[in-house]
Structures are given as structure tokens and as C-alpha cells.
Amino acid sequence: NDILCGKKKLCGILTEIKAQPDRVDFMILGAGINVNTPSGKLPSGSTSLKNETGYSVNRAQLIRRVLTELEDDYKKFQEKGFSVLRTECKKLSLVLGKNIRIKEHHNIIEGKAIDIDRKGALIIKDNNRQLRRVFSGDVKVVNQ
């Protein structure tokens with residue numbers, strides 16, 4: 001769950017969820033956005049909003065905008081379900097159609113990412129040609 005600018009990481013997102021088959025008990029969302037960090041202080045392969053735009057970004061205005069967008073998407077989800085957001089997720093996905101490796105707890109899954117289903121799971125055709133639904137894990141695009 002990274003947000004990239006070009007091929008550089010701009011933001012990392014982590015989620016934790018406790019759910020039952022018929023409901024979500026809670027979800028914790030964490031995001032780290034590289035805002036005004038100079039290139040020399042960022043890990044290799046990363047960038048910041050300042051590096052990409054050429055100017056400093058007001059952090060208070062940025063977080064206000066991020067939270068507003070998040071609330072708007074949450075309202076869409078409450079009113080219309082995941083289908084509206086699914087279309088956008090699929091359009092913006094950097095893994096669909098690619099060979100990937102997912103580390104899920106102590107398990108490794110390799111295959112091709114082929115879809116995002118109605119519940120938000122990533123659909124993988126694994127190396128045994130079996131379809132698998134994956135809700136969480138560390139995803140990496142691999143060359144094969």
C-alpha cells in the first residue's frame with residue numbers, strides 16, 4: 001500500500017483490521033507522507049512532495065485535504081458500497097496484470113495479480129494456476 005510518484009515512493013500506508021464475517025469491528029489506518037524532506041535525507045527510491053513540485057507544502061493544509069478526501073470516500077462507501085471505489089482502485093493499481101510475490105504472515109504467494117474483487121481482495125492466479133483471494137500482505141512486483 002504505497003503511493004508512488006513515477007517509480008519513487010512518496011507515501012506508505014499501513015492498515016490493521018479486526019473483523020467478523022459480517023462486520024468490521026475496527027480499522028486502524030496509518031500513513032507516512034514524505035512532505036518537505038530533502039532528497040539527501042530520504043531512503044533510496046523515495047521522493048517527497050517538495051522534491052516533485054519544487055515548493056514547500058503546508059502540512060496542515062495537506063492533512064486537512066487528505067482527511068477530507070478520506071471522509072468523502074468513506075461516505076461513498078457507506079452509501080454505495082465498495083463498487084464505486086473498486087473502479088478507482090483498479091484504475092490506479094500498479095500491480096494488476098503483473099507478476100507479484102506476497103508475504104502473508106509466514107506464507108509466500110507468487111503469481112499474477114488479475115483483479116480486485118467486490119470485497120477488496122486482490123485476486124491472484126498463483127503459479128499452480130489456482131485463483132486465490134488475498135486481503136493483506138506485503139506485495140512486491142517481480143520480474144518473471
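Computation of the quantities below employed the complete heavy-atom set of this structure, encompassing side-chain atoms and omitting hydrogens, waters and symmetry-equivalent molecules.
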- Item | F26 atom CZ: more than 12 heavy-atom contacts under 6.0 Å |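 Yes - once you tally the heavy atoms of other residues, nucleotides and ligands closer than 6.0 Å, there are more than 12.
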Pairwise side-chain contact, [X] with [Y], heavy-atom cut-off 4.5 Å (strictly under):
{"X": "E110", "Y": "N99", "value": "no"}
{"X": "I116", "Y": "F82", "value": "yes"}
{"X": "I102", "Y": "D138", "value": "no"}
{"X": "L29", "Y": "L70", "value": "yes"}
{"X": "L94", "Y": "V141", "value": "no"}
{"X": "L49", "Y": "I33", "value": "yes"}
{"X": "I17", "Y": "V24", "value": "yes"}
{"X": "F135", "Y": "K119", "value": "yes"}

- Worked verdict on V35 versus S48 for side chain to side chain contact (heavy atoms under 4.5 Å, CB included): CA-CA 5 Å; V35 181; S48 69; over 6 Å; no
May I have the list of side-chain donor-acceptor pairs in residues 61-69 shorter than 3.5 Å, sequence neighbours left out?
{"from": "R65", "atom 1": "NE", "to": "E69", "atom 2": "OE2", "distance (Å)": "3.2"}
{"from": "T68", "atom 1": "OG1", "to": "R64", "atom 2": "O", "distance (Å)": "2.9"}

- Task: Applying salt bridge (charged side-chain N to carboxylate O under 4.0 Å, His left out), name anything that partners K90, two or more places apart in sequence or on another chain.
- Result: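 Per chain and number, K90 pairs via salt bridge (charged side-chain N to carboxylate O under 4.0 Å, His left out) with D115.
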Give every donor-acceptor pair under 3.5 Å between a side-chain atom in residues 5-14 and any protein atom, sequence neighbours left out.
{"from": "K9", "atom 1": "NZ", "to": "D2", "atom 2": "OD1", "distance (Å)": "3.4"}

Can you pull out every salt bridge (charged side-chain N to carboxylate O under 4.0 Å, His left out) where at least one residue sits in [range]? Sequence neighbours excluded, please.
{"range": "residues 20-31", "answer": "K18-D25, R23-D25"}
{"range": "residues 41-60", "answer": "none"}
{"range": "residues 121-136", "answer": "D117-R133, D126-R132"}

- Less than 4.0 Å between a side-chain N and a carboxylate O, is that true for D73 and K76?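 A salt bridge is present here (some side-chain N lies under 4.0 Å from a carboxylate O).
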- Among the clusters formed by ILVMFWY side chains lying less than 4.5 Å apart, do L96 and I124 turn up in the same one?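 The answer is yes; both residues are in one hydrophobic cluster.
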- Task: Group every Ile, Leu, Val, Met, Phe, Trp and Tyr by side-chain heavy-atom contacts under 4.5 Å, then state whether V134 and I123 land in the same group.
- Result: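 Cluster IDs for V134 and I123 differ.
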- Any side-chain donor paired with an acceptor under 3.5 Å for T37 and N34?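 Looking only at side-chain atoms, N34 and T37 do not form any donor-acceptor pair under 3.5 Å.
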